[in-house]
Amino acid sequence: PEREAALEPRGGRDVPLAVAFAEREQAGFPAARVLAPADEAKELDGGWAPGGAAPTWLVVAPAAPVDVRPGERLVLELRERSRHDRHTVGILRAESSGEERVREWAGVPADVLAILRTPPGERDAAAQARLADHHRRAVAAETAGARGTLAESRARLAAVKPTKVPVLEELPEGQRRVTKLQHRGNWRDLGPEVAEGVPEAFGLPVSPSPGGRIDRLALARWLVDPANPLTARVVVNRLWERLFGTGLVATSEEFGSQGDAPSHPELLDWLAVELVERGWDTKAMLRAMVTSAAYRRQSRPDPAVAARDPDNRLLASGPRVRLPAEVIRDQALAAAGLLSRKKGGPSVRPPQPSMGLSAAFGGGIDWQTSQGEDRWRRAIYTTWRRSNPYPSMAAFDAPNREVCTIRRPRTNTPLQALVTLNDPVYVEASQALARRMVAEGGASPEGRVARGFRLVLARQPAAEEIGRLVRLHAEALDDFRQAPEEARTFATEPLGPPAGPADLADLAAWTVVANVILNLDETFMCP
């Protein structure tokens with residue numbers, strides 16, 4: 001007892017541990033649990049367990065190197081706690097090391113450590129390949145940058161808070177509402193109890209859910225049942241309509257007796273079966289459609305064929321369809337390099353012309369333009385009020401959302417050209433596109449025109465197109481040289497001044513060219 005009392009540490013300083021790893025771990029008792037604070041380690045089921053009686057080792061390392069001063073002793077305290085008998089250490093040997101890289105060993109997988117303990121001459125090809133793979137992924141200096149980027153990405157991903165979406169759940173059987181037939185709609189004259197079901201006119205039985213009821217899950221399974229051809233046919237018809245302008249069934253909102261008959265019934269059925277067999281993969285179906293011969297045909301029809309089939313229902317030529325309102329705006333911002341890729345969040349208010357509504361109707365519907373990148377977010381995030389829709393998209397036939405709209409009308413009016421020529425969104429996009437053309441198109445006017453075509457139309461311009469736009473730039477430049485204030489306004493408002501020194505008259509002239517490219521008929525047509 002006197003010798004033990006002499007060995008008891010007095011005063012001193014604690015050495016916090018930061019790394020712990022072992023050769024072997026029992027499930028639920030990893031080596032890292034020896035680092036738990038003292039109040040958590042008091043539990044009998046805490047700590048590390050090797051999971052067997054075979055010899056093994058545990059390595060612990062402090063948060064920083066330990067400098068043992070003269071007269072100090074390093075005391076190692078081992079606590080053995082278990083609910084089971086004979087769960088103790090039989091023979092313990094403690095060793096210390098001055099190896100500075102011991103922390104790096106903590107991240108070495110157990111199978112790699114086992115290979116490293118094997119003499120090099122006894123390692124087979126699989127072991128050598130595993131070591132080489134681990135070296136590339138975790139050790140090699142050549143991959144250090146990629147590892148750092150991956151670690152940062154994982155840290156940002158771990159910091160993202162999951163979105164909490166409320167999910168409706170059905171009440172238990174004993175708490176469900178009882179629904180009875182109401183004679184002639186009179187809620188006081190009740191008839192027999194009624195339950196969920198599917199109208200017999202649909203002609204397909206609905207298998208009940210495991211609980212024996214026809215609930216929403218059973219209905220959902222019936223909707224996508226391979227024996228139900230209607231759902232798949234409606235889906236592929238809408239995909240076809242999005243690409244070709246008109247569905248195989250022209251009345252995409254009506255597949256019943258009042259709708260049009262399909263122009264190609266066999267094709268519609270084949271596409272529907274393909275969709276089901278491909279696991280309802282809509283991306284695969286879109287890929288099949290855009291790579292088909294029908295979609296890749298030339299959009300310019302033969303005059304004789306066009307006279308016989310003006311609506312191209314026989315698919316003798318490729319589609320030529322004006323893009324939806326949202327896509328027209330988004331593609332202008334994307335070509336200009338302004339479109340924000342941020343996802344989610346509240347609605348935003350992009351720029352729009354001043355409507356002067358505050359004087360007549362008060363400030364309740366005043367439009368305060370969003371700041372920062374929110375002004376350039378995708379069109380689907382635009383604030384929408386049924387009584388005051390976003391005007392530029394309404395001009396391109398975006399519905400007012402008062403009723404559900406399956407098929408949008410497509411019109412061609414002079415107002416649409418006035419929007420894309422003068423609306424603040426498109427003027428700003430023209431200014432940004434002009435700056436991209438100047439920065440990325442080289443020093444020659446021809447190169448800058450070609451760069452604008454590549455950004456907007458994804459093709460090289462013809463020689464005649466280059467010549468016309470180069471002449472337009474020269475004429476506009478002469479005009480803006482004589483009106484420097486107009487040049488400054490047209491080159492910088494509403495986008496703002498350029499980042500560095502620039503010739504504002506030249507930028508204004510290129511803004512005119514960019515505005516023309518963004519207003520080409522080809523820009524608004526698909527494909």
Side-chain angles (χ1 to χ4, degrees), residues 145 149 323 326-343 350-351 371-379 392 419-481 483-484 486-527:
T149 303
L323 296 172
E326 295 85 351
V327 179
I328 291 175
R329 175 184 176 274
D330 288 353
Q331 77 166 3
L333 295 178
L338 297 176
L339 185 66
S340 170
R341 306 291 178 176
K342 186 170 70 173
K343 296 182 179 180
Q371 301 300 313
E373 69 171 329
D374 283 349
R375 66 187 283 129
W376 301 312
R377 296 202 65 188
R378 292 178 58 197
S392 66
V419 167
T420 53
L421 284 169
N422 303 294
D423 187 277
V425 170
Y426 296 94
V427 172
E428 190 175 30
S430 299
Q431 293 169 346
L433 177 60
R435 298 181 189 185
R436 289 194 68 182
M437 293 165 61
V438 171
E440 304 172 11
S444 67
E446 293 79 7
R448 294 175 177 180
V449 170
R451 182 57 180 160
F453 262 72
R454 289 290 297 171
L455 290 171
V456 179
L457 303 179
R459 69 171 177 87
Q460 291 292 345
E464 181 181 6
E465 294 170 325
I466 292 178
R468 290 181 176 179
L469 292 178
V470 169
R471 288 194 300 272
L472 174 64
H473 170 263
E475 295 171 1
L477 182 59
D478 291 340
D479 293 338
F480 283 123
R481 291 286 187 215
E486 293 182 8
R488 184 198 64 79
T489 300
F490 197 66
T492 61
E493 295 180 7
L495 184 59
D503 185 347
L504 295 183
D506 187 54
L507 273 183
W510 282 116
T511 300
V512 173
V513 176
N515 189 261
V516 169
I517 297 176
L518 288 175
N519 277 274
L520 291 175
D521 181 72
E522 184 179 349
T523 304
F524 304 112
M525 294 297 169
C526 175

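- Contact of the L333 side chain with the V425 side chain is registered, since non-hydrogen atoms from C-beta on lie closer than 4.5 Å.
- Side-chain contact between P445 and L469 is absent, with no heavy atoms from C-beta onward closer than 4.5 Å.
- Summarising the geometry, atom CD1 belonging to I466 is positioned 11.5 Å from atom CZ belonging to R471; distances are rounded to the nearest 0.5 Å.
- Around the CD atom of Q460, the shell of radius 6.0 Å holds more than 12 heavy atoms that belong to other residues, nucleotides or ligands.
- Taking the charged nitrogens against the carboxylate oxygens, R448 and D506 do have a contact shorter than 4.0 Å, which makes a salt bridge.
- Under the salt bridge (charged side-chain N to carboxylate O under 4.0 Å, His left out) criterion, D503 pairs with R481, sequence neighbours left out.
- Annotation: the span from N519 atom CG to Y426 atom OH amounts to 9.5 Å, rounded to 0.5 Å.
- A distance of 10.0 Å separates CG in L495 from CG in L507, rounded to the nearest 0.5 Å.
- Within 6.0 Å of CZ on R378 lie no more than 12 heavy atoms contributed by other residues, nucleotides or ligands.
- In this structure the side chain of D374 reaches within 4.5 angstrom of the side chain of K342, judged on heavy atoms.
- Between the side chain of R436 and the backbone N or O of R451 there is no donor-acceptor pair closer than 3.5 Å.
- Distance check, rounded to the nearest 0.5 Å: CD1 of I517 to CG of L455 gives 8.5 Å.
- Here the shortest heavy-atom pairing between D423 and S392 reads OD2-CB, 3.7 Å.
- One finds a salt bridge joining E464 and R468 here, because a Lys/Arg side-chain nitrogen approaches an Asp/Glu carboxylate oxygen to under 4.0 Å.
- Closest approach of A429 to A332, counting heavy atoms only: CB-O, 3.8 Å.
- Proximity of Q431 to P494: side-chain heavy atoms (C-beta onward) are separated by under 4.5 Å at one or more points.
- A donor-acceptor pair under 3.5 Å is formed between the side chain of D330 and the backbone N or O of A379.
- Ionic pairing of E465 and R459 is present here: one or more N-O contacts between side-chain nitrogen and carboxylate oxygen are shorter than 4.0 angstrom.
- At a threshold of 4.5 Å between non-hydrogen side-chain atoms, the residues P351 and R375 count as touching.
- With values rounded to the nearest 0.5 angstrom, L338 atom CG is found 15.0 Å from R377 atom CZ.
- Residue E486 qualifies as open at atom CD: its count of foreign heavy atoms under 6.0 Å is 12 or below.
- Residues T523 and Q331 are in side-chain contact: their nearest non-hydrogen atoms beyond the backbone lie under 4.5 Å apart.
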Would you sort out whether L518 and T420 count as a side-chain contact (heavy atoms from CB on, under 4.5 Å), showing the intermediate values? CA-CA 8 Å; L518 288 175; T420 53; over 6 Å; no
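- Listed by first then second residue, pairs satisfying ring-ring contact (aromatic ring centres under 6.0 Å, His included) with a partner in residues 489-513 read H473-W510, F480-F490, not counting sequence neighbours.
- Rounded to the nearest 0.5 Å, atoms OG (S430) and CE (M437) are 10.0 Å apart.
- Closest non-hydrogen pair, A514 versus A434, comes out as CB-N, 3.9 Å.
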